[in-house]
Amino acid sequence: MRLLTGIQPSGDLHIGNYFGSIRQMINAQQDNEIFAFIANYHAMTTVNDGKRLAELTMQAATDFLALGINPEKSTFWVQSDVDEVLELYWMLSSFTPMGLLERAHSFKDKTAKGIAANHSLFSYPVLMAADILLFKPDIVPVGKDQIQHVEIARDIAIKFNNQYGEVFKLPEYRVDDNVATVPGTDGQKMSKSYGNTIRIFEDEKKQLKTIKKIVTEAVAMEEPKEYESCNVYNIAKLFLDESKQLALQERYLKGGEGHGHFKLYLAEVIWEYYRPYREKREYYVTHQDDVRDILKMGADKARSSASEIIDKVRSVTGIAY
Ligand code: ADP
Ligand code: TRP
């Protein structure tokens, strides 16, 4: 199956991102054809500092390669390197009723908060529709917040097809219900916006400092401790196989150790888990030209794949004359 996903280049990745989406994408590479791109045009709706956007784009590419995107097997590129997407975006605009966009949550939520919307925020779902429709994916894996965008892409595709014939494959979304919400250091959902994240690629001392801040119950050292409700345990279990989870549960139930001990253990577990990824990342950080070559190869692959749809669209619309 062909799966397509867009990655917002939004800075330092945390373990919520990893267990909530990145790992599934990496694992899906085994049996599927993955199309994954860094959505730098989309990021322009929020990042207006040019130097910063360029850095974020390279950072996202570096991090995803380190975490296991396989550029030979998958198609991995930067959105703006396949500029056919902007052409399609315009073509689709004529098949996008204003009402459809006015109902989009991303736009409604911001305007409801009094944030002045610009056109890019308003038309963001049309660009996302172009991202999807250009590559004929079978499935678009998304978080709940993106379902509506895929539905909009579908609506636009239907309208276009009604006019010009079966040009676009109608996209389906998939929400992975098995994905647990990863708690942050304060027990709320881990999120950049809450400042409660544990970053994947962090300096060892800083990571330990962050882990030491995880909120836990005050229980005397010798007392047995609850593990089900413990933030340290709930983060640790993501990294542990069943036997190691059981061993950690026993340590909680036995008493004699404080949460400080469990935190040290968690820090060790996280550090070891990401060791191979960190090493790979260090390579890419010092070989940014390799990253650029990989992205160029990905853009070439993506372009050749997009040519079928864009040629058809130019032809049926009469833009090719
Ligand atoms: P943030 O909330 O830190 O801004 P994003 O919204 O950029 O994170 O999320 C990027 C991806 O990571 C999404 O697919 C989202 O579902 C997933 N994700 C983020 N935080 C978590 C979490 N705490 N638990 C599970 N998945 C998460
Ligand atoms: N809008 C998505 C997000 O904010 C990113 C994205 C852009 C995307 N284009 C896409 C996701 C196409 C899936 C398919 O996370």
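Everything quoted here is computed from the prediction, not taken from an experiment. One is the number of the first residue; the rest follow in order along the sequence. Just so you know, ligand 1 is whichever comes first in the structure, and atom 1 is the first atom listed for that ligand.
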Ring center gap for [X] and [Y] short of 6.0 angstrom:
X      : Y      : answer
Phe239 : Tyr265 : no
Phe160 : Phe168 : yes
Tyr274 : Tyr18  : yes

Checklist entry - Would Asp131 and Gln79 count as having a side-chain donor-acceptor pair, cut-off 3.5 Å? => result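 Their side chains do contain a donor-acceptor pair, which is all the 3.5 Å distance test asks for.
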Checklist entry - So, Thr62 and Gln288: side-chain donor and acceptor under 3.5 Å apart, yes or no? => result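 A pair is found: one side chain offers a donor N or O, the other an acceptor, under 3.5 Å apart.
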Checklist entry - Should you measure from each heavy atom of Tyr124, which atoms of ligand 2 turn up under 4.0 Å away? => result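 Result: 1 (N), 2 (C), 3 (C), 4 (O).
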Checklist entry - Which ligand 2 atoms does Leu4 reach within 4.0 Å, using its non-hydrogen atoms? => result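 Within the 4.0 Å cut-off of Leu4, ligand 2 contributes 12 (C), 14 (C).
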Checklist entry - Got a second to check how far Thr216's OG1 is from Lys212's NZ, nearest 0.5 Å? => result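 One finds 13.0 Å between OG1 of Thr216 and NZ of Lys212.
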Item to check | atom 15 (C) of ligand 1: any protein heavy atom closer than 4.0 Å | outcome: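 Protein heavy atom within 4.0 Å of atom 15 (C) of ligand 1: absent.
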Next on the checklist: Protein heavy atoms near atom 8 (O) of ligand 1, is at least one of them under 4.0 angstrom away?
Outcome noted: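 It does; a protein heavy atom is within 4.0 Å.
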Next on the checklist: Apply side chain to side chain donor-acceptor pair (under 3.5 Å) to residues Asn70 and Glu72 and explain how you reach the verdict.
Outcome noted: CA-CA 6 Å; Asn70 177 344; Glu72 302 291 335; over 6 Å; no
Checklist entry - Under 6.0 Å from the CD atom of Glu228, do we count more than 12 heavy atoms belonging to anything else shown? => result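 Result for CD/Glu228: enclosed.
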If you have a sec, work out which protein heavy atom is nearest [atom] and how many Å separate them, to one decimal?
atom                    : answer
atom 9 (N) of ligand 2  : Asp131 OD2, 2.7 Å
atom 2 (O) of ligand 1  : Ser191 OG, 2.8 Å
atom 20 (N) of ligand 1 : Met190 O, 3.3 Å
atom 4 (O) of ligand 1  : Lys192 NZ, 3.1 Å
atom 24 (N) of ligand 1 : Val182 N, 2.9 Å
atom 18 (N) of ligand 1 : Gly16 O, 3.7 Å
atom 5 (C) of ligand 2  : Gly6 O, 3.6 Å
atom 13 (C) of ligand 1 : Ser21 OG, 4.3 Å
atom 12 (O) of ligand 1 : Asn17 ND2, 3.1 Å

Counting heavy atoms only, which part of [X] comes closer than 4.0 Å to ligand 2: side chain, backbone, both or neither?
X      : value
Val140 : side chain
Phe37  : side chain
Gln146 : side chain

Checklist entry - Where's the contact between His14 and ligand 1, heavy-atom distance under 4.0 Å: side chain, backbone, both or neither? => result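 Answer for His14: side chain.
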Checklist entry - What atoms of ligand 1 come closer than 4.0 angstrom to any heavy atom of Ala180? => result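 So the answer, numbered in order with elements, is 24 (N), 25 (C).
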Item to check | Thr181, any N or O under 3.5 Å of ligand 1 N or O | outcome: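 No, Thr181 has no N/O under 3.5 Å of an N/O on ligand 1.
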Item to check | Cation over ring face, Arg251 and Tyr233, 6.0 Å, 45° | outcome: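 Because its charged atom misses either the 6.0 Å distance or the 45° angle limit, Arg251 does not stack over Tyr233.
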Next on the checklist: For Trp77, does the six-membered ring have the charged nitrogen or CZ of Arg303 within the cation-pi criterion, i.e. under 6.0 angstrom from the centroid and within 45° of the normal?
Outcome noted: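 Negative - Arg303 is either too far from the ring of Trp77 or too far off its axis.
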Less than 3.5 Å apart, which donor and acceptor atoms pair up between the side chains of residues 135-149 and the rest of the protein, not counting sequence neighbours?
{"residue": "Lys136", "atom": "NZ", "partner": "Glu308", "partner atom": "OE1", "Å": "2.9"}
{"residue": "Lys136", "atom": "NZ", "partner": "Glu308", "partner atom": "OE2", "Å": "3.2"}
{"residue": "Asp138", "atom": "OD1", "partner": "Lys169", "partner atom": "NZ", "Å": "3.1"}
{"residue": "Asp138", "atom": "OD2", "partner": "Arg2", "partner atom": "N", "Å": "2.7"}
{"residue": "Gln146", "atom": "OE1", "partner": "His149", "partner atom": "ND1", "Å": "2.7"}
{"residue": "Gln148", "atom": "OE1", "partner": "His105", "partner atom": "N", "Å": "2.7"}
{"residue": "Gln148", "atom": "NE2", "partner": "Arg103", "partner atom": "O", "Å": "3.0"}
{"residue": "His149", "atom": "NE2", "partner": "Ser106", "partner atom": "OG", "Å": "3.3"}

Next on the checklist: Same cluster or not: Trp271 versus Val285, using hydrophobic residues (I, L, V, M, F, W, Y) connected whenever any side-chain heavy atoms lie under 4.5 Å apart?
Outcome noted: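 No, Trp271 does not connect to Val285 through the hydrophobic network.
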Next on the checklist: Just to check, does Lys189 reach to within less than 4.0 Å of ligand 1 when the distance is taken from its heavy atoms?
Outcome noted: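 A heavy atom of Lys189 does come that close to ligand 1.
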